Every structure is written in structure tokens, then in C-alpha cells.
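Single-structure report; data block below.
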Amino acid sequence: MSKNFYVTTPIYYPSAKPHMGHAYSSIVADFFARFKRNDGFSVQFLTGTDEHGLKIQRSAEKQGMEPKEFCNLISKTFKDLSKTLNLSNTDFIRTTEDRHIKSVQNLWSLLEANGQIYMSKYEGWYSVSDEAFYQEDEIETKDNKKYAISSGSPVEWVEEESFFFKLSEWEKPLLKFYEDNPKFILPESRRNEVISFVKGGLKDLSVSRKTFSWGIKIPSNDEHIIYVWLDALTNYISALNYPNTNDDLYKSFWPADIHIIGKDILRFHAVYWPAFLMAAKLQLPKRVYGHGWILSGDEKMSKSKGNILDPLEIIDVYGLDTLRYYLLKEVSFGNDGNISQDKLESCINSDLANNYGNLCQRVLAFCEKNCEFKIPTHNFTEDDLKILKPFEDIDKLRNLIDNQDINQYMSFIIDMLFASNKYFNDQEPWKKKNDKDRLNTIVYTALELIRKISILLNPVIPDTSLKVLNIFDISKDAFSLEQVKDHNFLKKDIVLKKLEILFKKIDK
RNA sequence: CGCGGGGUGGAGCAGCCUGGUAGCUCGCAAGGCUCAUAACCUUGAGGUCGGCGGUUCAAAUCCGUCCCCCGCAACCA
């Protein structure tokens with residue numbers, strides 16, 4: 001059985017600086033990558049930047065820079081973000097890299113050779129300021145001039161020579177593919193959306209532009225550059241050394257296990273991307289997960305509302321792990337979620353400080369005073385085995401993760417945290433000072449609980465969980481999900497290490 | 001008839017697909033414990049599950065209809 005796992009984030013369009021949405025996609029993808037790695041998988045985890053297109057070209061011009069120079073600059077802020085978020089990505093791709101350009105041109109030639117591309121004319125009402133084409137019914141006439149109804153901006157009739165991709169031919173095959181692979185698009189509500197979109201009919205897709213130059217040239221015609229989405233989507237295989245399909249990376253990791261994306265770019269990933277791949281006779285990714293948006297309070301974050309929460313600022317004030325924990329636990333994965341300082345603070349206080357942090361603290365302090373700060377002996381009773389039992393079924397957890405049920409996974413952990421605190425409370429080791437054997441066993445069990453929970457929390461809060469595992473002298477690559485099952489993992493007499501306060505409570 | 005998401009105790013959410021005692025976290029009240037970051041544990045108060053109608057022995061859950069909120073409307077996670 002192949003123990004390989006390939007997860008991707010979208011490649012980010014660096015026309016503006018990173019925001020919470022970027023952070024969210026990345027953190028979620030990182031969570032899956034880390035979980036799988038802890039479970040013994042060889043993991044390929046890709047993120048990067050999407051650097052072509054008119055917007056970039058213009059932003060660069062505004063700054064008086066060459067596009068490439070401009071991209072170097074902005075791409076770096078995204079690379080920095082992945083460090084700040086403690087992403088465990090194995091690669092960072094830029095669409096301006098040679099390996100990608102080569103890959104896209106190759107895919108293009110393949111599509112052309114397969115008769116999937118033809119030359120025609122793109123025509124329609126075009127708004128320069130919106131950078132968008134409008135249908136006849138989307139424009140209105142005022143004073144003999146045409147305007148887009150939605151934006152009110154003036155439109156002009158534009159005819160442009162363009163290459164088209166025969167997307168319409170793939171309508172039926174796509175529908176069949178969705179049918180045969182009911183979990184290709186998740187969550188289900190998004191899948192329904194896509195299916196009804198495709199059933200509504202697909203038109204051939206314009207896949208080249210000649211009005212601007214910042215992009216990848218079509219091998220057979222250097223007047224045209226390749227449509228940004230055909231360019232961008234290909235990154236997922238460029239990073240595996242496509243077009244060399246005999247390459248080890250490609251053979252091991254394609255098709256991808258999951259593309260993590262935001263719901264706004266679902267169509268490109270769930271319709272165009274599979275169509276391109278089918279047309280090129282390449283394998284399709286196994287899953288596309290379109291998550292929701294992170295709202296600020298109840299509103300969409302926007303500059304005009306001034307309610308933007310900058311991930312970097314939050315991390316600066318509250319720390320990274322708290323943000324990671326919040327986003328993974330508090331947001332119902334697949335739906336829109338929201339974040340506010342107030343909610344983040346209560347989450348830190350109740351879940352992280354009072355529940356997890358305090359559990360570690362009370363058990364260790366007790367162990368220090370009563371067991372010389374060493375792993376004590378143990379002799380389990382029914383009570384102990386009962387509290388440990390839920391950790392035996394890690395297949396259940398694997399299953400949750402394979403279905404991207406992050407929230408159930410988190411609630412298992414939280415249930416166990418409550419149960420552990422209750423266990424320590426109910427066993428009252430402080431009243432067992434004359435029964436050393438029992439006292440030791442209670443402490444041992446509590447330490448085991450902390451160890452198990454910390455391993456489960458590792459994909460969520462990697463730094464903090466490592467601090468805790470460290471007290472048992474368990475280091476970065478020295479633990480696995482499998483070890484969660486083992487109730488006798490901790491070896492007697494190992495001297496524990498001091499643990500600082502994990503999460504300070506925030507005064508509100 | 002544009003598309004989608006949502007309306008569940010004070011707040012935030014789960015449950016709805018596969019009908020059958022309404023669940024979780026926070027907050028609040030009372031009690032317990034004292035190992036711990038005034039943390040932890042127990043109990044309790046608080047909901048006619050947006051309105052109306054239907055199906056059913058039984059509906060938050062299925063069907064119909066209406067009201068309200070929020071996004072999106074092809075290149076912004």
C-alpha cells in the first residue's frame with residue numbers, strides 16, 4: 001500500500017499582501033500534511049505564488065518595476081508568510097520559474113496535439129476598469145453609451161483573436177466523473193453547485209490573450225500568452241517535475257490526494273482543471289475541498305469597513321499556535337467562519353490555558369511534589385483503562401481526517417481534555433498519599449493522557465505540543481500517531497523536564 | 001422566478017441527508033475540591049429549533065409556502 005500523500009494550497013496571487021484567507025488555506029493544508037506525516041506517510045505539501053496576468057503587470061508598472069522584479073518582491077512576502085505560519089511545505093513554486101513554464105508549455109502542446117485547442121475570435125462588451133467581458137443582458141444603454149449594469153462602468157465592443165479550449169466536449173465526461181467519484185468535490189453542497197453549473201452547459205473557454213504580455217508564451221505562436229488559470233492550475237504537476245511523467249516525484253504523488261482551496265475558486269479546480277487533465281489524458285486529482293471564508297465578526301473583511309484582521313498582527317500579539325488552534329477548531333470546516341479578537345481571546349483562555357495548559361501544569365506540579373518528577377510505576381485499574389480506552393481506536397481518527405472532518409477530530413481531542421481533567425479530579429491523588437502505588441498509577445495515567453493528547457494536537461499546534469512532548473524527552477521526529485494506542489509507552493524513572501506556562505490567560 | 005449559505009436557550013455553533021426523549025462551548029447561579037494558570041469537578045436556571053400549512057403514530061429533521069439576514073453573480077483564500 002502506498003503511504004504517499006500529496007496536499008496543495010492554492011498558489012496565491014500576489015497583487016496584494018497576504019490576508020487571513022491565505023493564512024487559513026495554508027494552515028488547513030499544513031494540518032493535513034502534518035497529520036499524515038505523523039501517521040507515517042511520505043508527504044508532499046506544495047504552496048506558492050501565481051505571478052502572471054494583467055493585474056500583476058499593471059501593479060508592477062505602477063511601481064515603476066519590471067514584472068519579474070515586482071514578483072520577486074511580493075512572492076517573498078508569501079514565502080515569509082509560510083515561515084511565519086510554520087508551514088511544513090516541502091516545496092514552494094512560483095509560476096515564473098523555468099520548471100513551471102516548461103510544464104505549462106508542454107501541457108499546452110499536448111492539448112493542441114490532442115485536438116483540444118482551436119483558433120477563433122473572442123468578442124463581447126468589455127470593461128477596461130472591471131477587466132471583464134459582459135453578456136448582452138448585463139449591459140445597459142444610457143445617452144447612447146453602453147455601461148455594465150453591475151458596476152456602472154463604460155464598456156466597449158472588443159473583438160480579439162484567441163485560442164479556445166474545447167471545454168464543451170467535456171461536459172458529459174465531467175458529469176460522469178462527478179457521478180463515479182462522489183467525494184471528488186467536498187463539501188457536498190459545493191459539489192451540487194458545480195454539478196448544476198456543468199449541467200447548465202459549458203461553453204468553450206478562451207485560453208489565450210494577446211492584449212498584454214506578462215505570461216507564458218504559446219509555443220506555436222508568440223503573439224499569444226496562455227490564460228492565467230491554465231497557467232496557474234498546472235503548478236500542481238509542475239512541482240512534481242511534469243512533463244517528465246516517469247519522474248519519481250510524479251509517479252509517487254500524482255494524482256494529488258487533495259487540493260485545498262477557497263470556495264471562490266472552486267469552478268476552476270472542479271471544472272476547468274479536471275477538463276484540462278482529461279483532455280491531456282492525465283490522471284485527475286482525488287479530491288478538491290472548497291472551504292468557506294473567514295469573516296470578521298459577521299461581515300466580510302474589507303478595507304472600506306476597516307475590519308480587517310491581519311494574520312501577521314494577530315500572530316504578533318497572540319502567537320501562532322493560538323491562531324492555528326482557533327481557525328481549525330472554531331471554524332466549521334467547509335462553512336464560512338468568523339474571527340474576532342474577543343472570540344480568539346475566549347478560545348485561548350478556556351481551551352488552551354484552562355483546559356490543555358492547566359492539565360499539563362497540575363499533573364506535572366503534582367508529579368514533581370510526589371514522584372520526584374520522574375515517570376512513576378503503574379498498575380492500571382479499571383478506572384485507568386477506561387479513560388485510556390478511547391485512544392485505542394485511532395482508525396476512527398484516520399477516518400475523520402480522510403474525510404476532512406476537522407471539527408470532529410478537534411472535538412474528540414477536547415472531549416479527551418475534559419475527561420482527563422475530570423479523571424484527575426475524581427481520582428483525587430492528593431488524598432492517596434498513603435497509597436503510593438495508587439498515587440503513582442494515577443500520575444502515570446495522567447501523564448500518558450497528556451502524551452497522547454499532545455501527539456493528537458501536534459498537527460494543530462506544532463510548537464506547543466512539542467514543548468509538552470519534550471518533557472518526556474520525545475523530540476520532533478520521534479513520535480507517531482501509532483504510539484497513541486500504546487498505554488505503556490512512558491518508561492519508568494525517566495526524569496521529566498520543567499514545563500513553562502503554555503498559554504498565558506488574557507485579561508479581558 | 002439569477003445562484004448559494006444561514007435563521008436552534010444571553011452569545012457562538014452541532015444536529016437536519018438515514019424522522020422517535022433538543023446537544024456542545026462560552027456566559028450565568030449554587031455547591032464541591034485544593035494538585036493546578038482564581039484554574040478543575042458536579043448540579044441547576046434558560047429554547048413552542050424564523051412564521052404558517054401539510055405528510056406521519058411521531059418533525060428541528062421530510063414536503064409546500066412566506067418572512068428576515070449574509071455572501072456571490074466567471075478570473076479576490
Side-chain angles (χ1 to χ4, degrees), chain A residues 9-13 15-16 18-29 50 53-55 130-135 137-138 149-150 187-190 192-193 196-197 200 203 205-206 227-230 232 260-268 271-272 290-295 298-302 311 329-332 334-338 340 342-343 346-347 349-370 407-408 411 414-415 417-418 420-432 439 442-443 446 500-506:
Chain A
T9 73
I11 47 173
Y12 303 117
Y13 199 65
S15 63
H19 59 248
M20 193 57 81
H22 299 121
Y24 183 58
S25 288
S26 291
I27 287 170
V28 166
D50 173 16
L54 184 58
K55 264 189 197 162
D130 297 352
E131 284 181 34
F133 279 94
Y134 291 98
Q135 303 287 326
D137 60 349
E138 290 175 315
I149 294 171
S150 58
E188 213 177 298
S189 58
R190 300 260 146 61
N192 297 336
E193 244 174 87
S196 63
F197 171 74
K203 280 186 275 183
L205 186 68
S206 159
Y227 174 56
V228 286
W229 272 105
L230 177 50
I260 300 292
I261 58 164
K263 63 181 181 182
D264 53 319
I265 53 171
L266 183 61
R267 218 168 260 177
F268 306 104
V271 181
Y272 299 173
H291 68 238
W293 276 322
I294 307 304
L295 312 173
D298 275 334
E299 297 174 313
K300 188 174 179 179
M301 290 188 201
S302 72
K329 182 245 173 180
E330 212 67 27
V331 176
S332 168
N335 298 325
D336 289 353
N338 56 68
S340 66
D342 194 51
K343 287 177 161 182
S346 358
C347 176
N349 283 350
S350 40
D351 281 18
L352 294 173
N354 294 350
N355 211 346
Y356 181 54
N358 185 240
L359 174 70
C360 296
Q361 218 57 42
R362 71 192 299 201
V363 172
L364 283 176
F366 190 85
C367 176
E368 184 169 16
K369 285 175 194 159
N370 298 281
N407 301 97
Q408 286 275 61
S411 79
I414 292 164
D415 285 349
L417 280 170
F418 278 119
S420 302
N421 268 313
K422 179 172 164 53
Y423 166 83
F424 206 65
N425 231 72
D426 292 354
Q427 295 297 324
E428 301 181 309
W430 48 88
K431 287 185 182 166
K432 304 273 160 49
L439 181 147
I442 295 167
V443 173
E500 61 188 283
I501 297 285
L502 295 176
F503 301 97
K504 293 217 172 67
K505 286 197 72 169
I506 296 159

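Chain naming here is simple, since letters A, B, ... match the order of the sequence lines and numbering starts at 1 in each. Treat the numbers as computed from the prediction; the structure is a model and nothing was measured.
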Mind calculating the distance between [atom1] ([X]) and [atom2] ([N]) to the nearest angstrom?
X      : N      : atom1 : atom2 : value
A:R190 : B:rC72 : CZ    : P     : 13 Å
A:K343 : B:rG27 : NZ    : P     : 15 Å
A:K263 : B:rC75 : NZ    : P     : 17 Å
A:E193 : B:rG71 : CD    : P     : 16 Å
A:N192 : B:rC3  : CG    : C1'   : 13 Å
A:L417 : B:rU25 : CG    : C1'   : 13 Å
A:F268 : B:rC75 : CZ    : P     : 7 Å
A:L364 : B:rU37 : CG    : P     : 11 Å

A:K55 has a side chain; which of B:rA74, B:rC76, B:rC41 sits nearest to it?
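Output: B:rC76.
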Verify, without hydrogens or angle tests, whether A:D336 (side chain) and A:W293 (backbone) share a donor-acceptor contact under 3.5 angstrom.
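Pair found, side chain donor or acceptor close to backbone of A:W293.
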Closer than 3.5 angstrom, by distance alone: can the side chain of A:Y272 be matched with the main-chain N or O of A:W229 as a donor-acceptor pair?
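Answer holds: no.
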Is it the case that A:R267 places NZ or CZ above or below the six-membered ring of A:F197, under 6.0 angstrom from the centre and within 45 degrees of the axis?
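A:R267 over A:F197 ring: yes.
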Expressed as a whole number of Å, how far does the [atom1] atom of [N] sit from that of [M]?
N      : M      : atom1 : value
B:rG27 : B:rG12 : P     : 15 Å
B:rC3  : B:rG46 : P     : 43 Å
B:rC24 : B:rA58 : C1'   : 26 Å
B:rC40 : B:rA45 : P     : 22 Å
B:rA60 : B:rG51 : P     : 11 Å
B:rG10 : B:rC49 : P     : 13 Å
B:rA11 : B:rG4  : P     : 29 Å
B:rC26 : B:rU42 : P     : 11 Å

Within the structure provided, determine whether [X] and [Y] are in side-chain contact (heavy-atom separation under 4.5 Å).
X      : Y      : answer
A:K505 : A:N354 : yes
A:K329 : A:I414 : yes
A:F268 : A:I261 : no
A:N370 : A:P429 : no
A:L502 : A:L352 : no
A:I294 : A:H19  : no
A:D351 : A:Y356 : no
A:L439 : A:F366 : yes

Taking for each residue the nucleotide of RNA chain B with the nearest heavy atom, is it A:D336 or A:G21 whose nucleotide lies nearer the 5' end?
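Its nearest nucleotide being more 5', the pick is A:D336.
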Closest-nucleotide ordering on RNA chain B, the 5'-leading residue of A:G357 and A:E188:
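Here A:E188 is the residue nearer the 5' end.
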Using a cut-off of strictly less than 4.0 Å, decide whether [X] has a side-chain nitrogen or oxygen near OP1 or OP2 of [N].
X      : N      : value
A:K422 : B:rU42 : yes
A:S332 : B:rA14 : yes
A:N335 : B:rA14 : yes

Scan [X] against the nucleic acid and name what it touches under 4.0 Å (heavy atoms): base, sugar-phosphate only, or nothing.
X      : result
A:G262 : sugar-phosphate
A:I265 : sugar-phosphate
A:P10  : sugar-phosphate
A:Y272 : base

Go through RNA chain B and write down every stem, that is, every run of at least three consecutive Watson-Crick or G-U wobble pairs with distances under 3.5 Å, as range with range.
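Counting only runs of 3 or more consecutive pairs, the stems involving RNA chain B are B:2-7 with B:67-72, B:10-13 with B:23-26, B:28-32 with B:40-44, B:50-54 with B:62-66.
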Nucleotide by nucleotide, nucleotides 28-36 of chain B touches protein heavy atoms under 4.0 Å in the pattern (B base, S sugar-phosphate only, - none) ----BSSBB
